[in-house]
Amino acid sequence: MWPRSRHRARTTPFLYVQDTGRAAKLARTVVISGVPDGVLKDDVMSDILVIHFQKSKNNGGDVEDIIYPTMEKGVAYVTFEDQEESVLKKNEHRLEDKRLSRYYPLKVTPYCKNVFSSVTSVLNMSVFKDQYVLEDLIQELKKKNTALSFGPLQSNGHISVQGSFPAIEMLRDFLLLKAKSLSEDKNEERKSHQRQKKQQQQQCRLTTDTNNFVLGAEGEKQVVVLDTDIYLYMKNVLPKKLLANTDVVISDITDGDITILYLQKVRSRPDAAQVLAFKEEIEHQSLKLHNTLCKERIYLEEYTRDEKQKYKLMCETLKSHYPSVLVIPYATHIDVIGSSSEVFEFTREVNKEVQSLFQHR
């Protein structure tokens, strides 16, 4: 019997907005790898890909949307108007066009849903209504923060926003600057440092269910809230230099899905700004990973202890062939984290190899 391997979004107290439309779209999306990079202009290559995946001989269908280029070199995302199972059944996809000097083999895999922890926050935008048209301001925020999902603007000026911790924190900082600018225009002569801080807190309150966002004191101490899986990926897969800053002391506390990093400067180092810069680098990397990584879970509850051990050993054996994949074994399941295409290939190979062992017992 093959293990149950499926995508499961976590149910956390933070995630209380369900986007069924987005989930339905992801179910109709496939990942295309092997797209020739730099051969043609991006818009031309997008047209060629659309033509390829609309042809019946390629088991294609009507294409609703295509995303190319992406953060991953040679990777595109194609969304069909209907379910995409048929295009996955074709053994070999060859990208051919008169504008290409030769054909290029493509690999087509299912899109793996992003299942990392998100936070939903409520913004009170009513404080800006005297200086801005709120609808225009919301559009500006959407353009500057494409990683976030915005709900409808309510009549009282409240709007819900959903996204990763770093993205929410960047949005908060942007609004605080706007609030500070408004306050300075009104009260140029009467401001003190403490009054600025109090006014910012009153004018732009970002309420989250986590209460985990903490500002550092003048860059000397900083706190970063991360999804635990993303933190583990950064720690174990990304270049070691990212979390090996000799000028900053890092301590971490993990509580289930969430890991909090505490960053503090080394006493002998005088430049406190380095701590803030390091915090921003971690947040930037976390945001990129939040948008590109996915997780597949292999469930092992139905297997004997010996069979579970075989799965874990096979994962360990194959891991060297997939350096960008993180494998986290647990008592009842195995989490596989990486890019959508690599996670799909890794889990498929693990299942194939272990199934072969089971058959030869």
Side-chain angles (χ1 to χ4, degrees), residues 2-7 24-114 292-296 298 314-315 317-325 327 336-360:
W2 287 63
R4 290 177 291 130
S5 177
R6 60 183 182 270
H7 311 301
K25 184 174 181 179
L26 294 181
R28 295 180 277 109
T29 300
V30 294
V31 182
I32 316 300
S33 24
V35 180
D37 182 64
V39 175
L40 298 171
K41 292 183 177 179
D42 293 339
D43 58 341
V44 176
M45 185 58 68
S46 295
D47 290 340
I48 293 175
L49 288 169
V50 170
I51 292 171
H52 175 88
F53 287 102
Q54 288 189 147
K55 290 181 178 179
S56 57
K57 71 173 185 178
N58 296 323
N59 290 7
D62 292 333
V63 173
E64 176 184 312
D65 189 23
I66 181 170
I67 300 176
Y68 181 81
T70 64
M71 292 184 181
E72 296 179 76
K73 185 176 179 180
V75 172
Y77 299 99
V78 174
T79 301
F80 293 93
E81 292 185 1
D82 299 312
Q83 293 295 324
E84 87 302 329
E85 284 91 346
S86 59
V87 75
L88 295 170
K89 294 177 181 177
K90 185 174 175 61
N91 292 328
E92 183 181 24
H93 281 271
R94 290 187 172 194
L95 188 64
E96 297 177 290
D97 189 274
K98 62 182 180 181
R99 289 165 286 187
L100 295 172
S101 59
R102 62 179 180 88
Y103 80 84
Y104 291 85
L106 300 177
K107 182 184 295 184
V108 182
T109 57
Y111 184 87
C112 179
K113 297 177 185 176
N114 186 314
T292 57
L293 292 180
C294 70
K295 179 170 74 174
E296 180 96 1
I298 302 175
M314 186 55 64
C315 285
T317 301
L318 295 176
K319 196 166 62 173
S320 61
H321 300 292
Y322 295 85
S324 297
V325 169
V327 178
V336 183
I337 302 170
S339 68
S340 183
S341 56
E342 287 195 310
V343 165
F344 176 79
E345 290 295 328
F346 180 86
T347 53
R348 184 171 65 174
E349 191 168 350
V350 168
N351 288 331
K352 179 181 176 182
E353 294 295 333
V354 175
Q355 186 68 15
S356 176
L357 291 176
F358 287 172
Q359 291 174 349
H360 289 85

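A 4.5 Å side-chain heavy-atom check between Asp43 and Tyr68 finds every atom pair outside the cut-off. Contact annotation: the side chain of Glu92 never approaches that of Val108 to less than 4.5 Å [non-hydrogen atoms, C-beta and beyond]. Residues Phe80 and Asp62 are not in side-chain contact: their nearest non-hydrogen atoms beyond the backbone lie 4.5 Å or more apart. A heavy-atom distance below 4.5 Å is found between the side chains of Ile298 and Thr347. The shortest side-chain heavy-atom distance between Arg99 and Leu40 falls under the 4.5 Å cut-off. At least one side-chain heavy atom of Leu318 sits under 4.5 Å from a side-chain heavy atom of Val350.
Of the possible polar contacts, none joining the Ser33 side chain to the Val75 backbone as a donor-acceptor pair under 3.5 Å is found. For the pair Arg28 (side chain) and Asp82 (backbone), a donor-acceptor distance under 3.5 Å is absent. A donor-acceptor pair under 3.5 Å is absent between the side-chain atoms of Asn58 and the main chain of Phe53, judged by distance alone. Counting only distance, with no hydrogens or angles, the side chain of His93 and the backbone of Leu88 share no donor-acceptor pair below 3.5 Å.
Of all the heavy atoms in Leu49 and Ala76, the pair that sits closest is CD1-CB, 3.9 Å. Residue Leu293 comes nearest to Ser339 through the heavy atom pair CD2-N, 4.2 Å, listed as atom of the first residue, atom of the second, then distance. For the residue pair Ile67 and Asp65, the shortest heavy atom distance occurs at CG1-OD2, 4.3 Å. Counting all heavy atoms, side chain and backbone alike, Ile66 lies closest to Ser46 at CD1-O, 3.8 Å.
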What verdict does the salt bridge (Lys or Arg N to Asp or Glu O under 4.0 Å) test give for Glu345 and Arg348, after you've listed the backbone C-alpha separation in whole Å, the side-chain angles of each residue and the deciding distance to 0.1 Å? CA-CA 5 Å; Glu345 290 295 328; Arg348 184 171 65 174; 2.9 Å; yes

So Val63 and Thr79, side chain to side chain contact (heavy atoms under 4.5 Å, CB included) or not? Walk me through it. CA-CA 6 Å; Val63 173; Thr79 301; over 6 Å; no

Before you tell me yes or no, could you show the steps for Leu95 and Ile48 under side chain to side chain contact (heavy atoms under 4.5 Å, CB included), namely the whole-Å CA-CA distance, both residues' side-chain angles and the distance that decides it to 0.1 Å? CA-CA 8 Å; Leu95 188 64; Ile48 293 175; 3.7 Å; yes

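Because its NZ or CZ atom is both nearer than 6.0 Å to the ring centre of Tyr103 and within 45° of the ring axis, Arg94 counts as a cation-pi partner of that residue.
One distance of note links NZ of Lys107 with CD of Glu342; it measures 8.5 Å at 0.5 Å rounding. Atom-to-atom distance recorded for Asp37:CG and Asp42:CG is 8.0 Å, nearest 0.5 angstrom.
Residues satisfying the side-chain hydrogen bond (donor to acceptor under 3.5 Å, both in side chains) criterion with Glu81, sequence neighbours excluded, are absent altogether.
Using the six-membered ring where Trp is involved, Tyr322 and Phe346 have ring planes that are perpendicular, over 60° apart on the 30 and 60° scheme.
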